Amino acid sequence: MGMPIAGLLWSLATLYAKSDVVASLDVPPLQAFLAISVGGLALTFSLWVGFAAVGWAMVRAFGGQIRVLVLTTLISSAALPMWVGAPAAALWLNGATQNGLLWAVIALLSVALFLQTLASLLAAELNWPLMRAMVSVGAVAIFLGCFAYLST
């Protein structure tokens with residue numbers, strides 16, 4: 001449930017950050033929340049699947065074998081820090097307040113904690129040293145970060 005909850009929290013923060021825009025549309029609040037939540041959950045699901053696919057490839061590249069469904073479960077289990085990071089990122093990216101730098105720092109620290117937690121879970125699952133798992137997870141983060149940068 002870790003990733004879907006992160007998606008809902010992202011959606012709530014987006015709704016809050018864009019509340020003035022939503023209010024100007026004359027859309028009932030529940031309908032606006034449902035529409036934004038569908039988008040937030042779709043985004044989170046896409047990120048979850050993409051992270052799992054690249055993660056599976058990186059685990060294979062580092063000599064390990066793991067089923068994709070096991071990896072998606074590990075990713076979701078490690079997602080607790082994203083319950084703070086996803087809303088912070090939504091607020092930061094949507095410019096909700098004057099505290100943009102604070103939201104950015106919170107989001108980035110949450111991502112770092114998520115990656116560290118995932119590496120710990122991966123190391124335990126594969127009986128790997130923590131450093132090997134951290135390098136594998138770090139390679140996933142670097143690959144996806146480059147992909148995100150190049151796609152903008």
Side-chain angles (χ1 to χ4, degrees), residues 1-19 21 33-152:
M1 291 300 297
M3 292 303 287
I5 290 172
L8 285 174
L9 293 171
W10 166 277
S11 299
L12 282 171
T14 301
L15 181 63
Y16 172 76
K18 296 297 184 180
S19 60
V21 174
F33 172 70
L34 290 175
I36 291 173
S37 293
V38 167
L41 287 171
L43 172 73
T44 306
F45 181 76
S46 300
L47 291 170
W48 189 13
V49 170
F51 196 95
V54 174
W56 178 84
M58 289 300 175
V59 166
R60 300 276 301 179
F62 282 87
Q65 290 193 357
I66 192 168
R67 292 189 339 241
V68 174
L69 290 177
V70 172
L71 186 56
T72 58
T73 302
L74 293 178
I75 293 167
S76 192
S77 297
L80 184 62
M82 297 312 297
W83 293 6
V84 174
L91 291 171
W92 173 41
L93 294 172
N94 289 302
T97 66
Q98 301 293 5
N99 299 326
L101 182 60
L102 175 65
W103 294 125
V105 168
I106 290 171
L108 292 174
L109 287 174
S110 297
V111 168
L113 186 56
F114 162 73
L115 294 173
Q116 192 279 326
T117 304
L118 179 59
S120 297
L121 293 173
L122 188 63
E125 179 69 29
L126 297 175
N127 294 319
W128 276 4
L130 181 59
M131 185 56 70
R132 184 176 180 186
M134 289 176 79
V135 171
S136 178
V137 170
V140 174
I142 290 168
F143 178 88
L144 292 175
C146 291
F147 178 81
Y149 176 76
L150 291 173
S151 67
T152 56

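No hydrogens, no waters, no symmetry mates; every other heavy atom, side chains included, goes into these values. Numbers here simply count residues along the sequence, with the first being 1. As the structure is a computational prediction, the values presented were derived from the model and not from experiment.
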Which donor-acceptor pairs under 3.5 Å do the side chains of residues 39-47 make with protein atoms, sequence neighbours left out?
| unit_1 | atom_1 | unit_2 | atom_2 | d |
| --- | --- | --- | --- | --- |
| Thr44 | OG1 | Gly40 | O | 2.8 |
| Ser46 | OG | Ala42 | O | 2.9 |

[X] versus [Y], closest heavy-atom pair with distance:
X: Ser110; Y: Met82; answer: O-SD, 4.0 Å
X: Ser76; Y: Trp48; answer: CB-CZ2, 3.6 Å
X: Thr72; Y: Ala52; answer: CG2-CB, 3.4 Å
X: Leu121; Y: Ser77; answer: CD1-CB, 3.9 Å
X: Gly2; Y: Trp83; answer: O-NE1, 2.9 Å
X: Ala123; Y: Leu130; answer: CB-CA, 4.0 Å

Looking only at atom types and distance, does a side-chain atom of [X] sit under 3.5 Å from a main-chain N or O of [Y], one as donor and one as acceptor?
X: Ser37; Y: Ser11; result: no
X: Arg132; Y: Phe62; result: yes
X: Ser136; Y: Ala133; result: no

* Just grab all the ring pair (Phe, Tyr, Trp, His ring centres under 6.0 Å) pairs involving residues 112-133, residues at least two apart or on different chains. =>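 Qualifying pairs: Phe51-Phe114.
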
Distance, nearest 0.5 Å, that separates [atom1] of [X] from [atom2] of [Y]:
X: Leu115; Y: Ser120; atom1: CG; atom2: OG; answer: 11.0 Å
X: Arg67; Y: Leu74; atom1: CZ; atom2: CG; answer: 10.5 Å
X: Leu144; Y: Met58; atom1: CG; atom2: CE; answer: 8.0 Å
X: Glu125; Y: Leu118; atom1: CD; atom2: CG; answer: 11.0 Å
X: Leu102; Y: Leu91; atom1: CG; atom2: CG; answer: 10.0 Å
X: Trp56; Y: Gln65; atom1: CH2; atom2: CD; answer: 9.0 Å

* Evaluate the criterion side chain to side chain contact (heavy atoms under 4.5 Å, CB included) for residue pair Trp10 and Leu93; output intermediate values, then yes/no. => CA-CA 11 Å; Trp10 166 277; Leu93 294 172; 3.8 Å; yes

* Asked: Going through the checks in order, is the side chain to side chain contact (heavy atoms under 4.5 Å, CB included) test met by Tyr16 and Asn94?
  -> CA-CA 10 Å; Tyr16 172 76; Asn94 289 302; over 6 Å; no

* To do: Evaluate the side chain to side chain contact (heavy atoms under 4.5 Å, CB included) criterion for residues Thr117 and Leu80: first the C-alpha distance (whole Å), next the side-chain angles of each, then the deciding distance (0.1 Å), finally the verdict.
  => CA-CA 9 Å; Thr117 304; Leu80 184 62; over 6 Å; no

